[in-house]
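Side chains included, hydrogens not; waters and symmetry mates left out as well; all remaining heavy atoms used. Model, not experiment: these values are computed from the prediction.
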Amino acid sequence: SRAADRSSTGRRRAAPAPRAPIVPSQALAHAIADEWDVQAGEINKDAMTNMQYACVALDYCANYRNDVETELLEFAETDTLRYRADEPDELVSMQDAEWQPIIVWAERLLAVSIPLNYGILPVANSDELQVKISHYLRDIPLFRLAALWLITKHCSSFILAMAVFE
């Protein structure tokens with residue numbers, strides 16, 4: 001869907017990209033149009049989260065997809081869910097109860113073992129895990145990649161971000 005070029009106030013919509021944003025759904029196009037419609041005077045970009053998301057997808061992820069995929073692969077090596085405490089027992093139990101089912105789910109999705117780390121130093125992914133994640137990333141649409149990247153950055157977990165979409 002194409003977001004409308006003009007708001008109901010008649011002002012031309014602007015985006016960092018040199019083209020009108022093309023988004024994957026009518027709902028997102030309407031949400032972006034609504035964000036523009038409530039702008040008065042000076043534009044408050046912080047109140048335009050849907051527009052920001054579209055710009056990230058269209059201006060950054062579209063132009064730097066390889067960099068985004070590389071960054072996500074790096075996040076996967078330091079994924080919060082892979083790093084476990086070895087004490088106190090209460091924290092160990094809580095991590096196992098809450099995080100392990102998500103790790104098991106991701107292992108099934110990717111058809112590969114995801115090793116855990118009980119220290120603070122990063123552990124490199126196996127070649128097989130890197131390939132599986134690379135294939136997963138290569139096959140997802142642009143806007144989904146952008147959301148995956150944003151969620152991963154905010155929660156420090158590629159695995160949790162993946163779970164949002166699956």
Side-chain angles (χ1 to χ4, degrees), residues 1-83 95 98-112 114 122 125 129-166:
S1 299
R2 184 179 292 275
D5 287 337
R6 296 195 181 275
S7 71
S8 60
T9 61
R11 287 186 291 169
R12 180 153 177 76
R13 298 186 201 285
R19 62 196 177 283
I22 298 176
V23 297
S25 72
Q26 197 72 24
L28 181 56
H30 286 292
I32 291 170
D34 290 346
E35 288 176 347
W36 279 105
D37 286 343
V38 298
Q39 296 297 312
E42 202 167 310
I43 293 175
N44 177 4
K45 65 178 176 62
D46 293 333
M48 300 178 70
T49 54
N50 291 298
M51 184 67 194
Q52 289 179 19
Y53 165 55
C55 289
V56 164
L58 296 169
D59 296 340
Y60 188 76
C61 292
N63 294 317
Y64 303 101
R65 185 175 182 119
N66 288 340
D67 293 340
V68 171
E69 290 179 10
T70 298
E71 187 174 342
L72 287 168
L73 280 167
E74 290 169 359
F75 263 107
E77 287 187 340
T78 59
D79 196 292
T80 299
L81 272 60
R82 291 179 56 190
Y83 287 79
Q95 287 176 332
E98 299 296 326
W99 293 359
Q100 195 57 31
I102 301 167
I103 293 287
V104 169
W105 165 85
E107 288 176 329
R108 286 187 191 132
L109 176 74
L110 298 171
V112 66
I114 299 173
N125 286 336
L129 181 55
Q130 287 289 94
V131 166
K132 296 285 187 162
I133 293 171
S134 292
H135 287 155
Y136 175 85
L137 294 172
R138 181 190 63 212
D139 294 337
I140 63 175
L142 178 64
F143 273 76
R144 188 169 170 180
L145 178 70
L148 183 69
W149 182 63
L150 291 169
I151 294 167
T152 298
K153 289 175 63 162
H154 286 287
C155 69
S156 298
S157 176
F158 171 75
I159 295 168
L160 280 177
M162 255 189 347
V164 169
F165 296 104
E166 300 296 335

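With a 4.5 Å cut-off on side-chain heavy atoms, Leu28 and Ile32 count as touching. Two residues are said to be in side-chain contact when any heavy atoms from C-beta on lie closer than 4.5 Å; Leu160 and Ile102 meet this criterion. Inter-residue side-chain proximity for Pro141 and Leu145 is flagged as unmet; no heavy-atom pair is nearer than 4.5 Å. Between Gln52 and Cys55 there is no side-chain heavy-atom pair separated by less than 4.5 Å.
Between Gln95 and Tyr83, the shortest heavy-atom contact is NE2-O, 4.0 Å. Annotation for Arg65 and Ile140: closest pair NH2-O, 2.7 Å, computed over non-hydrogen atoms. Of all heavy-atom pairs between Ala161 and Thr152, the closest is CB-OG1, 3.2 Å. Across Leu142 and Ala62, no two heavy atoms sit closer than the pair CD1-N, 3.5 Å.
Between the OH atom in Tyr64 and the CG atom in Asp59 there is a gap of 9.5 Å [rounded to 0.5 Å]. Going from atom SG of Cys61 over to atom CZ of Arg144 covers 14.0 Å, rounded to the nearest 0.5 Å. To the nearest 0.5 Å, the span separating CD on Glu71 from CG on Asn66 amounts to 13.0 Å. Atom CG of Leu81 is separated from atom CD1 of Ile159 by 5.5 Å, given to the nearest 0.5 angstrom. The CE atom of Met48 sits 4.0 Å away from atom CH2 of Trp36, with the distance rounded to the nearest 0.5 Å.
Here salt bridge (charged side-chain N to carboxylate O under 4.0 Å, His left out) pairs that include residues 38-57, with residues two or more places apart or in two chains, number zero. Screening residues 155-165 for side chain to side chain donor-acceptor pair (under 3.5 Å), with sequence neighbours left out, gives Asp79-Ser157. The list of ring pair (Phe, Tyr, Trp, His ring centres under 6.0 Å) pairs with a residue in residues 142-166, not counting sequence neighbours, reads Tyr53-Phe143, Tyr60-Trp149. A side chain to side chain donor-acceptor pair (under 3.5 Å) check over residues 98-112, counting only residues at least two apart or in different chains, returns the pairs Arg84-Gln100.
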Under 3.5 Å, side-chain donor or acceptor atoms of residues 130-137 against the rest of the protein: list the pairs with distances, not counting sequence neighbours.
unit_1	atom_1	unit_2	atom_2	d
Gln130	OE1	Asn125	ND2	2.6
Ser134	OG	Gln130	O	2.9
Tyr136	OH	Glu166	OE2	3.0

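Of the possible donor and acceptor atoms, one in the side chain of Arg82 sits under 3.5 Å from a partner among the backbone N and O of Ala76.
Residues satisfying the side-chain contact (heavy atoms from CB on, under 4.5 Å) criterion with Thr49, sequence neighbours excluded, are Glu35.
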